[in-house]
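Report on the structure given below.
It should be emphasised that the depicted structure is a prediction, and the values quoted were computed from it without experimental measurement.
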Amino acid sequence: MSSDASETARLGRSISSSGSGTADNEAPQVDRRQLMGDRNWQSEANLFRNNPSIDANGQRLHYSEVPTAEELVRMQSVPSRANTTRVSLSQAELWHFHENWTTGNSEDMFGASSVPFASQQRSPIKPSIVLSPRVSASGLSSAIHDAARITNWDRVLELCASNPQDAKYSGRDGWTALHHACNRRCPRPEVVEALIGAYPGALDKPEEKGWLPLHYACRFKAPKEVVRLLLHMYPKRGFRTVSKTDRLGRTPLYYAVRYDAPSGVVGLLLEVDPSAVLEEDENQESPLALVWDSWAEKLEGKRIVNSFLPGGFPEPEDRTVEERAKLLQEKLRRESKLYKRWIKVNMLLKAAFGFTVEEDDADRKLASGISTGDNSGRVWRIVHATASVKCHPSLFLMACALHPEQVQELDDNDLRRPGDICPTNGHTNQTALHLAASSKEGGEPGKTVLLTLLSQYREAAQVPDDIDGSIPLHRMVENEHKKDWSNHAAILYRFYPRGVQISDSNGKLPLHRAITAIQEEEGNPEECVISQLVRVYPQAASHADNSGILPMHLIAMNASEWSNATDAICNANRNAVASRCGATGHNRLAIHLAAASPKSRDSLIARLIQLHQRSAALEDGKGCLPMHLACEIGKNWQDGVRAIHVAFPEAVRQPERNERGWFPLHLAAKAGGPLELITKLIELFPEAAEIADRNGQYPLHLACQSGMKWSEGLELIFEAAPYVMTATDHKGLLPFHHSTMRVCEVTRQVEREHDDNGEDEVTHGEINPNSELDDEAKAVAAQETNNLYEILRADPSVLKL
């Protein structure tokens with residue numbers, strides 16, 4: 001047997017029992033959980049590593065003691081109480097173990113790869129040393145971090161008082177001491193309070209998996225008081241963490257529900273951000289789904305739930321709907337497993353819709369009827385709630401079976417989520433069918449909800465709400481989750497065909513509403529909602545809403561490409577492309593609206609010009625040509641500007657016919673580009689760079705105001721009129737001054753973000769490194785600073801003016 005193989009076999013025997021029966025000529029597989037230091041591995045051979053306060057004999061060590069290499073040799077010589085065959089490692093091997101332990105390099109503790117340990121390079125034998133804390137590049141000690149990692153809470157408190165700055169230390173995996181305290185279910189709230197006080201930034205600092213300390217506290221069942229501190233000690237930071245998701249898209253509430261956090265923890269989370277109840281992870285699982293879906297899909301769950309649904313229990317012919325519902329409610333209380341889940345589902349949904357529910361009192365409050373509201377006078381209806389959210393079909397069907405009377409009841413501003421805007425008249429009066437039409441539930445589950453509601457109350461399809469006079473069909477056709485005609489909108493149409501002709505309070509037909517929410521081109525015309533609405537009611541294409549806007553105008557504002565649906569609308573009303581919208585829309589044609597839309601692309605604009613060839617030369621009610629409108633939003637040359645130019649080349653030389661009087665180059669400079677547009681405009685009409693507006697501002701002034709990059713158009717505008725660099729506007733400002741003010745503005749933005757991210761600047765005194773806005777603002781500031789450099793390099797004389 002080779003030396004390396006012998007070494008591997010020897011190491012393998014050290015972690016296997018003496019009765020394993022391994023043949024002498026076979027090298028047993030080394031369990032990498034032991035070698036790599038898995039934190040849950042508690043074999044005697046690794047116990048002293050996972051819990052450094054215990055030696056191989058089970059004797060407690062002082063928390064600050066870490067075995068030296070010589071001590072490891074002595075510990076290896078002690079026979080195991082479990083009669084496990086041990087092998088004495090060499091001094092070099094023990095030194096290798098000790099060195100990587102003290103540096104926190106658990107991957108290299110027994111070698112980072114599957115290469116036999118003996119074949120890896122050993123550190124030379126060194127004299128034994130005592131473990132000392134690591135020091136980061138910024139001079140922070142790992143002492144607090146290490147103490148929290150080994151649950152030495154007294155030491156954590158001591159160090160937080162004497163060296164609070166070291167609480168900022170984090171390992172290579174991003175863990176701070178607060179992460180370790182929450183992960184190890186710290187039983188002492190005062191320790192967590194000390195850690196947060198020393199470094200509040202740890203509250204919203206994610207580690208490598210995207211987990212915050214709050215994720216760990218909820219996952220590993222930290223005490224309620226610890227969670228309270230994480231949320232309320234620094235409310236701005238703490239409240240933000242409730243809605244933060246990890247890399248799997250999971251919130252802290254997800255882990256609290258999934259792993260049955262201590263009583264009261266879920267209530268604390270819901271009190272801060274109840275919207276997390278319906279937040280789905282990458283597997284489309286929400287906290288609500290965790291409570292109900294998986295259980296309802298199991299054999300036992302299906303059997304119990306089906307016994308409550310129509311056809312699942314004996315029904316005497318003379319029994320009324322109300323009597324059957326009462327019997328089912330009594331039966332529910334006898335089914336303890338189902339009842340417990342039903343109570344929790346109600347509690348979560350009530351919280352999601354802003355009802356006040358104490359987690360500890362949920363059973364008592366919901367046991368009687370589960371139809372009462374809260375002290376605000378709002379009424380709780382479980383049928384409306386389950387119809388309005390994405391949930392398991394059996395949950396909605398259970399609600400209808402237990403409370404059939406709610407199907408015909410109107411929700412008058414009772415079911416609203418925190419942050420929803422109350423209607424101006426204070427009333428909503430919407431049916432459960434309205435809410436189902438607006439929900440995210442699509443496909444067969446969504447179809448089941450619609451058919452169930454309509455089978456019990458078909459008149460709901462005709463009821464307008466008090467928000468904007470919408471019937472359920474209005475809500476349905478603008479719902480991106482219910483885009484297939486046959487499974488959703490067609491059902492409402494069959495129950496109420498006249499619905500396609502009904503206008504809401506703004507004069508919009510279902511066709512108008514569908515176009516406003518238009519997505520990309522639907523594949524099958526038979527399933528395209530817009531095409532089918534035109535097919536069943538072609539006159540809708542000629543119907544203008546209260547603002548004088550036709551469906552074709554809405555296509556120009558919301559569509560990106562010319563599609564089959566657009567063709568259908570155009571064929572139903574050929575005059576629409578030559579019709580202007582009302583005064584509120586500045587009397588614009590479809591081409592004006594498309595030119596001013598960031599969504600529109602070349603195929604849409606080119607087709608509109610083809611259908612009305614003079615439109616590119618016509619002004620809207622503000623004196624703007626389509627070219628002006630396209631440049632004002634910084635549209636790409638290839639996304640329709642070229643088509644407008646081909647139809648009316650003189651547009652680049654014409655100013656707006658209004659008080660501002662800007663040329664296309666002025667508009668594009670103020671929009672900040674893009675480069676291709678700036679290049680083409682200067683190429684076609686370079687003289688525009690030398691024309692000042694009524695405020696004395698040239699395109700160069702406007703470009704500096706917008707923050708246009710030097711390399712993305714600013715240099716071209718400068719080269720077209722270099723002398724403008726020393727020209728002042730009506731306020732006496734040079735282009736250089738505008739760039740300088742831009743740098744100051746961005747810097748203030750970073751500072752405001754800094755102030756908003758923390759409550760105690762003296763304590764942590766740093767810009768939140770996890771803020772995306774900070775990174776963006778810093779990048780913009782760097783860009784603006786570079787512009788200043790380029791301007792000064794191009795014309796240093798501006799400093800003398």
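Taken from CG in L349 to CE in M347, the straight-line distance is 10.0 Å, to the nearest 0.5 Å. Once rounded to the nearest 0.5 Å, the distance linking CG of L140 with OG of S170 reads 8.5 Å.
A cation-pi geometry, defined here as NZ or CZ lying under 6.0 Å from the six-membered ring centre and within 45° of its normal, holds between R378 and F355. Under the 6.0 Å distance and 45° angle rule, R219 counts as a cation-pi partner of Y259.
Residues L253 and C218 fail the side-chain proximity criterion, which asks for heavy atoms closer than 4.5 Å.
Applying the side chain to side chain contact (heavy atoms under 4.5 Å, CB included) test to E207 and every residue at least two apart in sequence or in another chain returns W175, H179, K209, W211, Y216.
Side-chain contact check for R184 and H180: at least one donor-acceptor pair (N or O, by modelled atom type) lies under 3.5 Å. Checking D166 against Y199 by side-chain atom types alone, no donor-acceptor pair falls below 3.5 Å.
Identified under the salt bridge (charged side-chain N to carboxylate O under 4.0 Å, His left out) test for residues 250-265, with sequence neighbours left out: R250-D281.
Under the 3.5 Å distance criterion, the side-chain polar atoms of H215 are matched with a main-chain donor or acceptor of L212. No donor-acceptor pair closer than 3.5 Å links the side chain of R341 to the backbone N or O of W292. For S142 (side chain) and H145 (main-chain N/O), no donor-acceptor pair under 3.5 Å exists by modelled atom type. One N or O on the side chain of D246 and one on the backbone of L248 form a donor-acceptor pair closer than 3.5 Å.
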